[in-house]
Amino acid sequence: MFELTGKTAVITGGGSGIGRAIALLFARRGAKVHILDIGEAAGAQVLAEIREAGGQGAAQACDVTRQAEVRACFAAIGPIDILINNAGVAHVGKADNTAEEDFDRVIGVNVKGAYNCLHAAIPLLKENGGGVILNMASVAAWVAVPERFAYSTAKGAVMAMTLSVAKDYLQDGIRCNSISPGRVHTPFVDGFLAKNYPGREAEMFERLSKTQPIGRMARPEEVAALALYLCSDEAAFITGSDYPIDGGFITLNA
Ligand SMILES: NC(=O)c1ccc[n+]([C@@H]2O[C@H](COP(=O)([O-])OP(=O)(O)OC[C@H]3O[C@@H](n4cnc5c(N)ncnc54)[C@H](O)[C@@H]3O)[C@@H](O)[C@H]2O)c1
């Protein structure tokens, strides 16, 4: 079960955190993994780890907000079976103190970036007779997270985008789903704490951990395991769905 041998997967933001864990796991299950990340060195590092473990892959520097760059990357890759729209950025703020440039940046990466990759990848998936798309949403799309106005807005768009794509390409054999993680311990969280709570990182890490009723953050590998299931042939009956993986964040934080 959960074999990806012979499949080609593109993972945006594959140089760090959840994307890295997905890239390593998919390569272990036999996929050829293409990492697209704005951080060239980070992508190259994950590719080296894949190769060291005997896997196959490639890494390209790519800013998903730039459509021409994204198109060129996908054209160089050729036929694909799996697209994971994972690249994302966060921002802390409410509607009235979110600056225009911060709003544009969050929407630019999390929403337009996903659109740019869909735009480039769907013709390739169709050419290949179908495939799977997985978008990284968030619990913020379901219940919002305090002071994450731009981020919650963006992830809500990602969830609606998932439904739209699932509906429009059903006849083309393309499945499209999303995952909504609660807090996952990645550089995303560490960077957020360092930037917003300097000197109070440990205290805030503990506090953020406890916002999951299960009492901790997820490990990136736990999200990767769900991604593997959703992108495998075993999930052939699943499309147009969002999967929370959140230690009870959505349903048990009454
Ligand atoms: N970590 C969490 O708690 C959490 C929770 C819910 C959802 N998510 C979502 O999961 C995804 C991955 O998060 P993570 O925690 O692994 O983050 P991360 O910061 O560890 O990794 C994100 C990667 O995306 C890349 N990236 C950023 N902007 C890019 C751009 N314009 N073009 C290409 N690549 C770009 C970064 O270089 C980085 O390698 C994001 O979409 C995030 O919103 C994370």
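Whatever order the structure lists ligands and atoms in, that order sets their numbers, starting from 1.
The closest non-hydrogen atom to atom 33 (C) of ligand 1, taken over A90, G43, C62, G182, comes from C62. Nearest to atom 2 (C) of ligand 1 by heavy atom, out of V46, V184, L36, is V184. Nearest-residue assignment for atom 38 (C) of ligand 1 (options I179, N110, D37, V189; heavy-atom criterion): D37.
Residue G113 places no heavy atom under 4.0 Å from ligand 1. Heavy atoms of A137 come nearer than 4.0 angstrom to ligand 1 in at least one pair. Residue R20 places every heavy atom at 4.0 Å or more from ligand 1.
Within the listing of ligand 1, atoms 10 (O), 16 (O), 44 (C) sit less than 4.0 angstrom from a heavy atom of I18. Within ligand 1, counting atoms from 1 as listed, the ones closer than 4.0 Å to a heavy atom of R183 are 3 (O). Counting atoms of ligand 1 from 1 in the listed order, those under 4.0 Å from a heavy atom of Y151 are 6 (C), 7 (C), 8 (N), 9 (C), 42 (C), 43 (O). Close approach of ligand 1 to D63 (heavy-atom distance below 4.0 Å) involves ligand atoms 30 (C), 31 (N), 32 (N).
No chain of hydrophobic side-chain contacts below 4.5 Å, direct or via other Ile, Leu, Val, Met, Phe, Trp or Tyr residues, connects M136 to V139.
A 6.0 Å sphere centred on CZ of R105 holds more than 12 heavy atoms belonging to other residues, nucleotides or ligands.
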